[in-house]
Enquirer: 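Below: one structure in structure tokens.
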Amino acid sequence: MKYIPEPFKIKMVEPIRITTEQERREKIAQAHYNGFSLRAEDVYIDLQTDSGTGAMSDSQWAAMLRGDESYSGGRSYYQLLDNARDIFGYEWIQPVHQGRAAEKVLFPVLIEERGQFVISNTFFDTTRAHVALAGGHPIDCVCPEGLDSGLDAPFKGDMDLEALERHIDERGAENIAGIVMTITNNSVGGQPVSMANMKATAAIAKRHGLPVVIDAARFAENAFFIKEREAGYAEVSTRDITREFFSYADIFTMSAKKDAITNMGGLLGVREEGEHVPDVKSLVISGEGYVTYGGLSGRDLAALAVGLVEGLDEDYLRYRVGQVAYLAARLDEYGIPYQRPAGGHAVFVDAGRLLPHIPWHQYPGHALAVELYVEAGIRSCDIGSFLMDRDPETGEQQQAPLEFTRLAIPRRTYTQAHLDVIAEALGHIQARADQVKGYEIIWEPKVLRHFTAKLRPVD
Ligand code: F0G
């Protein structure tokens, strides 16, 4: 594979503890076989999420020292406003404490009547939850390629346009509150959405008078994939690609903990300051704080203003997407199956195929995550049937379309040597795959069970 330069050097290090296999066996048993209950200091390489876990640059840290902590109208807010308006071309930009806060203030305003549908290329869990909490019904509508993990296709995150039209015709446009485009499409493997698909989705929405919302957590990685893979964009900058992509939508929500490379923060943007903004502002003031800080410190706003610009740097993005592709290429050496091609922020190992003897209701994606921790102290997580909550009406367990173990790579945090450890650890597990056991839940809460459930291995 071609050498990809890392466009930074390390100025400060954080020591991590090396544990023994025996210690890890004890720790994971004490945590009831749930990685969320481990202490982070007992983890060697933490791939649980790429959210808020990246390394900020010296420019971001320097900006933090100059953060303006005024209650209203602070300088840091205006810096963020200038940078965000310039990148996205939206009139109104609202900082919030993280992505789900933007969802929490948007969906009650967007969903005018209970029972309305909201259609997405695939909702992220919190977005799905906020649609439901606001009285709406979320519908996933990803293209069929997205659900075939062995298939190599450039834009597996795309909306299924035919299915979208069908849902609108069958349910009636008046019963639909809006359309959400998640970039990249996290739940199907960090897969990108093409410009053509965004444009076509927006055209359908416009024909039916429906608003389009971008869930923009990984907007910069998506722009880089468009530059690399979509005809006509090789010579267009990721900034201009972003500007065009966002021009097709009306609103965006964003977790800034991903592509804006901050440890905390989020944004809500509205292209034309129209009817929804006063209602959203009231919800922000009552839940997050005054509109010019939205639940963040001035220093967080300052780091976010800088991170938005750094996150679009093409040398950085080439390294970022290249690092994930490097890990995937190492897994190819062992023949370990994953959602192909590798996504922007993570490799989604297809645990259903790696551990075919474990039935879906014994959670192969979770079993592999536990095994990876025991093997090498690597924390990852299930994106499969363990993650799915029970059917709220019948109480039955629900089967996910695919059983993934997600290896999410924090930004600018781990070196290539760390990635080699991950690949080797998976190689060892593959060699004894038939001995890996499934899991059963011994306690679970009513919703979002994977965060706190207690499990035990099945003998
Ligand atoms: N939308 C997407 C696509 C996300 O991936 C996330 C978070 C959110 C919204 C919510 O943002 O965490 O800032 O409130 N994803 C993280 C993950 C948690 O691990 O994939 P948040």
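Ligands are counted one by one from 1 in listed order, and the atoms in each one are counted from 1 as well.
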Enquirer: For atom 5 (O) of ligand 1, tell me which residue out of Thr127, Thr253, Asn186, Ile383 has the closest non-hydrogen atom.
Expert: Asn186
Enquirer: Please tell me whether Phe36 and Phe451 form a close aromatic pair, meaning their ring centres lie under 6.0 Å apart.
Expert: yes
Enquirer: Side chain, backbone, both or neither: which applies to Glu103 and ligand 1 if a contact is any heavy-atom pair less than 4.0 Å apart?
Expert: side chain
Enquirer: Quick one: which ligand 1 atoms are inside 4.0 Å of a heavy atom on Thr182?
Expert: 3 (C)
Enquirer: Show which atoms of ligand 1 fall inside a sub-4.0 Å distance from at least one heavy-atom site of Gly99.
Expert: 11 (O), 13 (O), 14 (O), 21 (P)
Enquirer: Please list, in number order, the atoms of ligand 1 under 4.0 Å from a heavy atom of Arg406.
Expert: 17 (C), 19 (O), 20 (O)
Enquirer: Please state which protein non-hydrogen atom is closest to atom 13 (O) of ligand 1 and give its distance, to 0.1 Å?
Expert: Ser255 OG, 2.7 Å
Enquirer: Please determine if Arg171 forms a cation-pi arrangement with Phe117, meaning its NZ or CZ atom is less than 6.0 Å from the six-membered ring centre and no more than 45° off the ring axis.
Expert: yes
Enquirer: What residue and heavy atom of the protein are closest to atom 21 (P) of ligand 1, and at what distance?
Expert: Gln98 NE2, 3.3 Å
Enquirer: Give the single entry among Arg100, Met254, Arg128, Lys258 that approaches atom 14 (O) of ligand 1 most closely by any heavy atom.
Expert: Arg100
Enquirer: Are Thr122 and Asp140 linked by a side-chain donor-acceptor pair shorter than 3.5 Å?
Expert: no
Enquirer: Decide whether Ser51 and Lys258 meet the rule of one side-chain donor and one side-chain acceptor closer than 3.5 Å.
Expert: yes
Enquirer: Are the side chain of Ser297 and the backbone N or O of Asp300 linked by a donor-acceptor pair below 3.5 Å?
Expert: no
Enquirer: Just need the protein heavy atom nearest to atom 8 (C) of ligand 1, so name the residue and atom and give the distance.
Expert: Phe124 CD2, 3.4 Å
Enquirer: Hey, are Asp350 and Ser149 close enough side-chain-wise for a donor-acceptor pair under 3.5 Å?
Expert: yes
Enquirer: Should the heavy atoms of other residues, nucleotides or ligands under 6.0 Å from CD of Glu162 be counted, would the total exceed 12?
Expert: no
Enquirer: Could you find the nearest protein heavy atom to atom 1 (N) of ligand 1 and give me its residue, atom name and distance?
Expert: Asp215 OD2, 2.8 Å
Enquirer: Students should be able to answer this: which protein heavy-atom is nearest to atom 10 (C) of ligand 1, and at what distance?
Expert: Thr126 OG1, 3.5 Å
Enquirer: Donor-acceptor pair, distance only, cut-off 3.5 Å: does the side chain of Asp250 make one with the backbone of Val212?
Expert: yes
Enquirer: Looking only at distances, please establish whether an N/O atom of ligand 1 is found under 3.5 Å from an N/O atom of Asp50.
Expert: no
Enquirer: Atoms of ligand 1 less than 4.0 Å from Lys257 heavy atoms?
Expert: 13 (O)
Enquirer: May I ask you to decide if the ring planes of Tyr363 and Phe386 are parallel, tilted or perpendicular, using 30° and 60° as cut-offs?
Expert: tilted
Enquirer: If you measure from each heavy atom of His345 to ligand 1, is any distance below 4.0 Å?
Expert: no
